[in-house]
Amino acid sequence: MAGNKNPWGNAGKGDEPGVDGPSADRGSGGDGDGPRNPWLPPGGGEPGKRRSASIEDIFKGRGPEGPRRSGGGGPGGPTFRLPERPGGKSWVPIIAGGVAALWLAVSSVHFVQPGEQAVVTWLGGAYSGTLDSGTNFTAPWPIQMVEKENVTQIRSEEVPGTNTEKLILTSDQNLVDLSYLIRWNISDLALYKYQLNDPRNALLEIGEAAMRAAVARRNLDTVLTGAGRAEIEQDVRQRMQARLNAYRSGIMVQGIEINKVDPPGRVEEAFKDVSSAQQDADAAINRSRAVAQQMLARAQGDASEFNNIYEEYRLAPEVTRRRLYYETMEAVLSKTDKTIVESGNVTPYLPLPELQRRSQGAVQPPRPQGE
């Protein structure tokens, strides 16, 4: 390899490749006598002195435009620079100011819709206040955080849910499968958010306790009737609202609706048989009462008629006796087929009913054959 150049200098000076000589310790001078450090810029450093390259040297060696973008290619590769304002100033302060103003406008102005309220907290923790409907202003996020909630919406909770049996004991030791609906809304948003750990679960627990207490005070027949259900619904609503107010829950109970009151599924057939027997008994009792009322009314009418006749008899006994005799004979003889006439010139017996039937049969047209 004599005569060839090595990466660190000229081998023609008698230095062998890979052998440290006096020229290896020399810096990058202008005379080109010794080896040159490839990491130093041209003309840098003192002659004969070796030093390591710095970051400033590397970036200075890439030209006046600064470092090239990754993948730029050779020395003439594309570079990225922000545009400048007139006068040579940067756009960065204006862009940063616009972003800050937009952040303040978005996170500080809050539009609360009608029927809604919002709670304001410091850094998402401590309660700060409540915002009503309209345009409201707060400190920007995350200094103050706003959480909106619809306080006028009527919410519903179905107990015990779909295809679930809930047995409740009545006062006469009977079990009923009862399901009901709780309608409620938020009356105080701050209390609703921060007073109870789980307001919905508390509402369901209070509703179940109130329903069991109300049903336990009434017998089975009262629970099954419509009037009894209305009384239970009103009782449960009052009990629930009193307990929720004591807990300062911020919840207003709007109403209770009983959807179903049935016997337990295991005794449903027997319950139907008992109900059918009770209905038959009630029907028989009602028929007996109707017959008794008719007989009583008839007896009262007969007694009233007898009293009237007696009053007439006291005024005219003979006339009253004759009238009673004639009316009695008329009632009796109207039902017999014989007519007796006391006279010497007339046949004592005339079969008038028989003659009348014969005359009616002769007048009737013959029936068609086949009948």
Side-chain angles (χ1 to χ4, degrees), residues 112-119 127 129-133 147-268 271 274-275 278:
V112 182
Q113 300 298 327
E116 291 183 343
Q117 288 183 352
V119 291
Y127 171 74
T130 303
L131 304 179
D132 294 326
S133 59
E147 184 177 357
K148 301 178 183 179
E149 193 76 37
N150 193 331
V151 297
T152 59
Q153 178 185 1
I154 303 299
R155 308 161 193 242
S156 299
E157 301 292 342
E158 186 176 0
V159 182
T162 306
N163 299 327
T164 305
E165 187 179 54
K166 179 174 285 298
L167 300 179
I168 301 179
L169 188 66
T170 61
S171 62
D172 53 356
Q173 305 301 314
N174 287 310
L175 289 173
V176 292
D177 179 16
L178 190 145
S179 65
Y180 55 94
L181 189 71
I182 303 174
R183 296 184 292 106
W184 61 282
N185 69 313
I186 301 174
S187 60
D188 192 314
L189 184 58
L191 294 178
Y192 177 77
K193 286 290 186 181
Y194 302 106
Q195 184 65 23
L196 299 178
N197 184 33
D198 191 348
R200 179 181 176 275
N201 185 60
L203 176 71
L204 297 178
E205 294 292 340
I206 294 173
E208 182 175 357
M211 180 61 71
R212 290 186 179 275
V215 173
R217 299 175 56 188
R218 294 166 174 83
N219 56 28
L220 179 62
D221 295 336
T222 304
V223 175
L224 295 177
T225 59
R229 292 188 185 185
E231 294 177 359
I232 293 174
E233 292 172 352
Q234 185 66 20
D235 189 7
V236 171
R237 180 181 179 278
Q238 294 176 356
R239 288 173 179 268
M240 289 186 61
Q241 193 61 59
R243 183 57 59 187
L244 290 170
N245 292 341
Y247 289 161
R248 301 179 70 242
S249 62
I251 295 176
M252 177 66 67
V253 180
Q254 298 296 333
I256 305 294
E257 297 179 5
I258 297 178
N259 297 329
K260 179 186 68 173
V261 180
D262 293 331
R266 290 169 291 182
V267 297
E268 186 174 0
F271 185 85
V274 173
S275 299
Q278 290 179 348

Exercise for the section: Kindly indicate, with the supporting measurements, whether the criterion side chain to side chain contact (heavy atoms under 4.5 Å, CB included) is fulfilled by Tyr180 and Glu208. Expected result: CA-CA 10 Å; Tyr180 55 94; Glu208 182 175 357; 3.8 Å; yes
Exercise for the section: With side chain to side chain contact (heavy atoms under 4.5 Å, CB included) as the test, would you mind laying out the steps for Arg237 and Gln241 before giving the verdict? Expected result: CA-CA 6 Å; Arg237 180 181 179 278; Gln241 193 61 59; 5.5 Å; no
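- In plain terms, the two heavy atoms of Ala202 and Leu196 that are nearest each other are CB-CD1, 3.9 Å.
- Shown here for Ala118 and Val112, the closest heavy-atom pair between the two residues is CB-CG2, 4.3 Å.
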Report all side-chain donor-acceptor pairs from residues 167-174 shorter than 3.5 Å, counting only partners two or more places apart or in another chain.
from	atom 1	to	atom 2	distance (Å)
Thr170	OG1	Asp172	OD1	2.4
Thr170	OG1	Asn174	N	3.2
Thr170	OG1	Asn174	O	3.0
Ser171	OG	Arg218	O	3.0
Ser171	OG	Asn219	N	3.0
Asp172	OD1	Asn174	ND2	3.3
Asp172	OD1	Leu220	N	3.3
Asp172	OD2	Asn174	ND2	3.2
Asp172	OD2	Leu220	N	3.1

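- Ile251 CD1 to Ile182 CD1: the interatomic distance, rounded to the nearest 0.5 Å, is 10.0 Å.
- Scanning all heavy atoms of the two residues, the minimum distance from Ala190 to Tyr127 falls at CB-OH, 3.7 Å.
- Checked against side chain to side chain donor-acceptor pair (under 3.5 Å), Asp221 has no partners two or more places apart in sequence or in another chain.
- With sequence neighbours left out, the side chain to side chain donor-acceptor pair (under 3.5 Å) criterion links Arg239 to Asp235.
- Comment: Arg155 engages Glu149 in a salt bridge, judged by a side-chain N to carboxylate O separation of less than 4.0 angstrom.
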Table please: side-chain donor-acceptor pairs of residues 255-265 below 3.5 Å, with sequence neighbours left out.
from	atom 1	to	atom 2	distance (Å)
Glu257	OE2	Arg183	NE	3.2
Lys260	NZ	Asp177	OD2	3.3

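- The side chain to side chain donor-acceptor pair (under 3.5 Å) search around Arg217 returns none, not counting sequence neighbours.
- Across all non-hydrogen atoms, the minimal contact from Val236 to Gly207 is CG1-O, 4.4 Å.
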Exercise for the section: Carefully, step by step, assess Thr152 and Asn150 under the rule side-chain hydrogen bond (donor to acceptor under 3.5 Å, both in side chains). Expected result: CA-CA 6 Å; Thr152 59; Asn150 193 331; 3.1 Å; yes
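- Contact check for Ile232 versus Met211: side-chain heavy atoms found under the 4.5 Å cut-off.
- Atom CD of Gln254 sits about 9.5 Å away from atom OG of Ser187, to the nearest 0.5 Å.
- The local environment of CG in Asn197 is sparse, with at most 12 non-hydrogen atoms from other residues, nucleotides or ligands closer than 6.0 Å.
- Listed by chain and number, the residues in a ring-ring contact (aromatic ring centres under 6.0 Å, His included) with Tyr247 amount to none (sequence neighbours excluded).
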